[in-house]
Every structure is written in structure tokens, then in C-alpha cells.
Amino acid sequence: MDTLIPVLNKLQDVFSTMGTAPVQLPQLVVIGSQSAGKSSVLENVVGRDFLPRGNTIVTRRPLVLQLINTNHNSIDTKAYDSKFDMKYDGKSGSSSSLSGPEWGEFLHKKGKRFYDFEEIKQEIADETDRLTGQNKGVSDKAIYLKIFSPRVLSLSLVDLPGITKVPVGDQPSNIEQLIRDMTLKFIRNPNSIIVAVSPANSDIANSESLKLAKEVDPHGTRTLGVLTKLDLMDRGTDAMDVLKGKIIPLRLGFVPVVNRSQADINSKKRITEAHKAEELFFERHVRYRQIKHRCGTRFLASRLNGLLLGHIKKVLPQLKVKIGTMIAETQENLESYGVPLTGSVTNYGSLLLQLISRFSTNYINALGGRSPDVSLSELYGGARISYVFHQVFAKGLLNIKPFDRLSDADIRTAIRNATGPRPSLFVPEVSFELLVKKQILRLEGPCLQCVDMVFDELQKVATQCESLVPQLRRFPKLRDELLDCVHELLQAQVSPTKQMVKDLLAIELAYVNTNHPDFIGGSRAIHNFNKKVQRLKNEDRKRNPESKADLATLLARDRKKNGRGGIGSGSTTGLGSMLGFMTGTAGLSSSTVTPPTEREIIETEIIKSLIESYFNIVRQNITDNIPKSIMFFLVNYTKDRIQSSLVRALYKDENFKTLLSESGTISEKRRQRTELLKVLRRSLDIVNEVRDFAV
């Protein structure tokens, strides 16, 4: 058991080099309001005057105090006996059996021993002023002090600044909140034992220390109450109800102590004499004599020692597991930052090739669906390109109807223009080609837009692949150059791809193949139209046997039934207005000159059947050929050439050190992780010194 507190002290020393502890250590945290007697309690436990005193706030930084009993620890004191004889006057010794040197050591002044406790007091004040200024500022950066003495029980505790209400000097106006936050930061540690100091001559229900302790320990399972100033209570009153837990129940209970008065401190009353006076007070008091064995500074020190030992024993196995886990995590994190680059140009070149190869492989795998980092929340890589082809592009083409922006009036105008001055005997083929080419041209926009969408997806894949190579985070210049090279490679292929898309549309426009096996043809179009007219007449007779509706009425009724507009529906600024009959002949468009004849209606319907049939054939061809062209000219081209292009652009001797220069952030993170790993390994070695946690 005696080895546990030294183990804790070593862990505190190791973690102090980092400023903050990576794991939460078991510790005693002493809290209390200003002038509650915290400093006097600690001095009584140590048996020495060593803390600065004053009328206002004095403790302005946390003090981590480690008490080490030199009788139970193998500490060399003989080499310093002569110094001790000069510095130590022997007046403070408790008995001849506990003789020996006493000294203090500060962690910020390693190797220097302070035998004069007035010097320790001054060093605490100087170190506090060094960080917080001389006008009562506060800081949460701790001062670490070890006191070696044969007259102390081994302890490790943290003394925090007293809770104050009113700012003084250059203290900020929110000094109360600052100290409160600092206190909560320490006592929120679930491995800490809270030592709440409260004056007995004030209402315990108003105790600031107990109030703060209750916030983090509402059931009082790890709070020990310390009552001071019992000798200053009004005559006829006592604190027995508090000590018995009737007012505020604490599982660890309360310990009453009597400190030196201000007059005793001013008269330099020795602490050993104060201990005797304290014992005499509890022996002679009518109410306290029955519990005198549980009162006073000696019992408090013993109680704190026992609580700390038990708590360390309970927490140490969990602490060992926690440190081991953190070592593994930190090691993995450190490996992701790599080792600093040193050596010949060959080393730089080898690493550069390795990173280019990894990036290129990830890019190719992402497009091929073989990426190891498969996302479950969204489509990734090649799957997104497939989605663009089959869901966005294909559906977009299907939404382009054969007669969008093409009205029946436009069709009749085109037929009239194709016949010239003489009426035609048959439906002119020229008007069909003119109209179907106009509609086919409308497919070009979505095709070019599909190229842009795939280009954007490829850019996104490159950015995502960069994150799959953790080492690229070390080299921001290389990462930027990689992405720039990929962008240039893709950008260079956008124009050829778009040109191929335009050529495919031009090929469709160059020759209208009316012999296509899927094309409806003229005779079948007429046959289908006649069947449709006969069906409409039969439906009309069933509805009204006396009906004599003409063809235009039947077709208009059918369009209305199927949710389509009637004759002349669609844009009125279509092909008819574009062609016109003559310049300046406003008002002579076919839609306003005369109503369509039955022959014109028949010709219009036949032309529409032909346009719809051929447009669907071309749209199907485009839906199939555009993705193939984009894959060949853009996707597969860059996939096959990305690695060679990156090597050709970046693998140059003069660029090695520039591209592989680390960012300052990475260097600092590596340093921090290296330091943390060293601290954690040292901590694990210290914990492993305790072979049996069941001691």
C-alpha cells in the first residue's frame, strides 16, 4: 500500500510536463471560500508554515502538494545533513523519534532543495506573480511542490484558490466565475475526492464549498467535509448535528479541526504547539470529547491518507487499461503523420512515386467500384456516374416530347411551304425532314449538360481520393498539385468529348433513315390513322347515333380525352412564324388565314406520326451512344492515363523538396503526439511498478 501514493506522485510529475493530464488521476482536491481556513488546515497537516498569507486572496494558482514521508521512502538525506543543520532550527520537530531533515522541491526548479520554508513561501508567491501578475490575477496552471519530511503522512492533494465574490486590484470583474470554473474543472474528475473546507461559525447550509461539491457529487459519495473555526462558535452552540450528518449527509463524513488564530500566526506560534492546543480543545469540550478520536489535524491527515490509498487502489487497474488504450490510439495517430523526411533525393523520389501510385490506384478503384472505403450513406465514384447516365440523363431525354414547342399550325405551315405554289398530291417528305431535324436538335443541350455533370463527378472523385491517402495531409503543396493536374487532365478532355457529342447529333441530322426497321413508314402511318378515325367514329355513334361530327371535332375530342391540346396547341411562335410567307405580310400565318381543311388535318396527323416514330428512334440512339462516348473520351481516358500524367508532371528532381515540404501544423501535431506517446509509455511503466493491485 505504501507504494501507491509515490506511484501517483510520479504520474503527476510526468503529466505536468504536458500542462494537462491525458487521463484523470485520483487526487484529493481541497476547496473552500476565501478565509475559510484552507491554508491553515494544509499547514497543520504538513507541520510547517509554507503558504503565503494576506488579507485578500492569496492562493491564485492551483498548488499540487505532494507530501513524502522520508522514513518510509528510500531517500538520501545524509548528504544534506550539514545543510539541514544550518537551515533547520529544530523548534518545529514533533518529537526526537521523528527527527531528520525537511525540505521542499518545486517541479519548475528541478534538483534544487529548499530547506528554509520561508524560501518555499516566497517561491510560491514569486511563481504565482510570474504568471498572474502582482495584482491578484488568477490562473489554472498549477504549481507542483513536494515536501519531504519524517513527520508527514504520504499524501497528494490539490489546493485551489478560495472562492471569492468581489474582484480586487486588476482582477477581472468575473473573478467569481473564473474561480468557480477552475474549481469545477478539478472536482468534475470522477477519480477525485473533494475535501470541502467550511467554517463552523457560519451557517453550513450557506457553505460555498459544499454547494459546489454537490453540483458534481449530488449524493455526497466522494466528498469529505472539513469543519474549521469550531473554537470561534458562539458560546452554547456546537457542530455535532453537522458532524453526525443530520444537516448535510456525506458518505465520507465531516472532520472537525481547530487552526491557529491570526494572533497565533502573528506571534509565530509553533504548529506543534497548535496541535497540542487542538487536542486539548477536543478533550475538554463537553460535546466533542466523546468523538475526540475522530477530531483534529492528525486524524484528518490519517483519514486523507486512507481515503487516497483506497481510491488509488480502486482506480489503478482501470487507469492501466486506459493508458494502454491511449498508447495504441496515439501510436496509430502518429503513424498517420509519417516520419520527417531526411536523406538523399532518392528517398524523396521514392516517397513521391508511392503517393502518386496510391492516389491513382484509389481513383481507378473508385471509378471501378473497388474502393475499400465504401460509403453506406451516399453513392460514390463510378456509381454516381452511372446514376447520372441512367437516372438523370436518360430520364431527362424522356421528358423531351416529340412535339414540344411544335404546334399543329407549325406543321401545316411547313407542309404548305414545302409544296410551293401548287397543291401537292402527297405529303411532302421535305416538311417531315425539316420538322424532325428541328426536334432532334433539342437533344443537344441535355447531352452537353451530361458531359459537364460527369466532369464534376470526376473532380469530386479526385477530391475524395485525396482524403483516402492520409499521408497527403502532410504535404499540402503535393495535394494541391495532384488535384490541379487531375483537373487539367479532365479539362483537356472535355472539349473532345463535347465535340464527339455534337458529332453524334450531326450524324443523326445528316441522314434521316426512313428505312430504319423501327420506323413506322408512310403506309403504316396512314393505316394507323384510318384505324384511329374509324375507332373515333364508332365511339361517337355509340354516344350519339345521330351525331355528324367532322374529323377536326373527333380529333379535338380525342386530344382532350387524352389530356392533350387541340388543333393549334403549343407555341404560336414556332416554325410558321419563323418561315413566314413574305417579309411584311403580318397576319398571313396559316393559323389566322383560314381554318384547316380535312386534307390538312389528315396530312398533319400523318406527319406527326412520322415525327414521333423517328424522334423516338433517334432519342434511343442518343440515350445509348452519349454515355458510351463520355466513358470512352472522358472517364476511361483519364482513368488509363492518370498515373502516367501525374508522374510526367510532378516527378522532377527540382520539385521533390517543394512538393514534399510538410505544413507547420503537421510538424506540430507530430511533435505533440510524440510527446504524448512518451508520457503515456512512461506512465504505463510507472503503473506497472505496482505488481499487485489487490494490496
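Around the CZ atom of Arg251, the shell of radius 6.0 Å holds no more than 12 heavy atoms that belong to other residues, nucleotides or ligands. Sparse packing is recorded around NE2 of His219, with 12 or fewer heavy atoms of other residues, nucleotides or ligands lying under 6.0 Å away.
At a threshold of 4.0 Å, the pair Glu279-Arg298 counts as salt-bridged, since one of the basic side-chain nitrogens sits closer than that to a carboxylate oxygen. Between Glu675 and Lys678 no salt bridge is recorded (no basic side-chain N to carboxylate O distance below 4.0 Å). Note on Lys121 versus Asp49: no salt bridge recorded, every NZ/NE/NH1/NH2 to OD/OE distance being 4.0 Å or above. Arg180 and Glu215 are joined by a salt bridge, as a carboxylate oxygen and a charged side-chain nitrogen come within less than 4.0 angstrom of each other.
Counting only distance, with no hydrogens or angles, the side chain of Tyr144 and the backbone of Gln66 share no donor-acceptor pair below 3.5 Å. With hydrogens and angles ignored, the 3.5 Å screen pairs a side-chain donor or acceptor of Ser267 with a backbone N or O of Asp264. Using a distance-only test at 3.5 Å, with no hydrogens or angles considered, no donor-acceptor pair links the side chain of Ser202 to the main chain of Pro199. Looking only at distances, a side-chain donor or acceptor of Asn305 sits under 3.5 Å from a matching main-chain atom of Ser154.
Note on ring orientation: taking the six-membered ring where Trp is involved, the planes of Phe114 and Phe106 are perpendicular (angle over 60°, cut-offs 30° and 60°). The aromatic rings of Phe117 and Phe50 lie perpendicular to each other, with more than 60° between the two planes, well past the 30° mark.
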Derivation of the salt bridge (Lys or Arg N to Asp or Glu O under 4.0 Å) call for Arg671 and Glu668: CA-CA 5 Å; Arg671 184 194 66 77; Glu668 178 61 20; 2.5 Å; yes
I would like to know whether His275 and Ile271 meet side-chain contact (heavy atoms from CB on, under 4.5 Å); could you show each step before the answer? CA-CA 6 Å; His275 285 170; Ile271 293 181; 3.5 Å; yes
Step-by-step side-chain contact (heavy atoms from CB on, under 4.5 Å) determination, Leu300 to Val41: CA-CA 9 Å; Leu300 175 62; Val41 170; 3.6 Å; yes
Does Lys229 form a side-chain contact (heavy atoms from CB on, under 4.5 Å) with Asn259? I'd like the steps, not just the answer. CA-CA 7 Å; Lys229 303 184 180 181; Asn259 298 324; 5.8 Å; no
Can you check side-chain contact (heavy atoms from CB on, under 4.5 Å) on Leu157 and Val195, steps first, answer last? CA-CA 9 Å; Leu157 45 82; Val195 182; over 6 Å; no
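Interatomic distance, Thr183 OG1 to Ile31 CD1, rounded to the nearest 0.5 Å: 6.5 Å. Considering CG of Leu304 and OG of Ser156, their distance stands at 11.5 Å, rounded to 0.5 Å. Once rounded to the nearest 0.5 Å, the distance linking CG of Asp238 with CG of Leu243 reads 8.5 Å. Remark: Arg151 CZ to Thr272 OG1 distance equals 9.5 Å, nearest 0.5 Å. With values rounded to the nearest 0.5 angstrom, Ser39 atom OG is found 10.0 Å from Gln34 atom CD. Going from atom CZ of Arg113 over to atom CD of Glu119 covers 14.5 Å, rounded to the nearest 0.5 Å.
Shown here for Gly296 and Glu278, the closest heavy-atom pair between the two residues is CA-OE2, 3.4 Å. Closest heavy-atom contact between Ser209 and Ile163: N-CD1, 4.3 Å. What you find for Ser149 and Glu102 is that their closest heavy atoms are OG-OE2, 2.5 Å. Residues Thr70 and Pro150 come closest through the heavy atom pair OG1-N, 3.2 Å. Between Leu67 and Val152, the shortest heavy-atom distance links the atoms CB-CG2, 4.1 Å. Leu252 approaches Arg222 most closely through the heavy-atom pair CD1-C, 3.8 Å.
Of the listed residues (Gln262, Lys268, Lys269), just one forms a side-chain hydrogen bond (donor to acceptor under 3.5 Å, both in side chains) with Asn266, and that residue is Gln262. Each of Arg61, Lys141, Arg60, Lys109 was scored for a salt bridge (Lys or Arg N to Asp or Glu O under 4.0 Å) with Glu127, with one residue passing: Arg61.
When only modelled atom types and interatomic distance are considered, Asn688 and Lys320 share a side-chain donor-acceptor pair under 3.5 Å. Between the side chains of Gln122 and Glu118, not a single donor N or O lies within less than 3.5 Å of an accepting N or O.
Side-chain contact check for Asp234 versus Asn201: every heavy-atom pair is 4.5 Å or farther apart. In this structure, the side chains of Ser40 and Arg260 stay at 4.5 Å or more apart for every pair of heavy atoms. When side chains are defined from C-beta on, Ile204 counts as touching Ile248, because their heavy atoms get closer than 4.5 Å. Side chains of Asn333 and Leu677 form no contact here, defined as non-hydrogen atoms less than 4.5 Å apart. Looking only at side-chain heavy atoms (C-beta outward), Gln290 and Met240 come within less than 4.5 Å of each other. Contact check for Val197 versus Thr228: side-chain heavy atoms found under the 4.5 Å cut-off. By the 4.5 Å heavy-atom criterion applied to side chains, Val216 and Ile194 are counted as neighbours. Residues Leu351 and Phe475 form a side-chain contact, since some pair of their non-hydrogen atoms from C-beta on lies under 4.5 Å apart.
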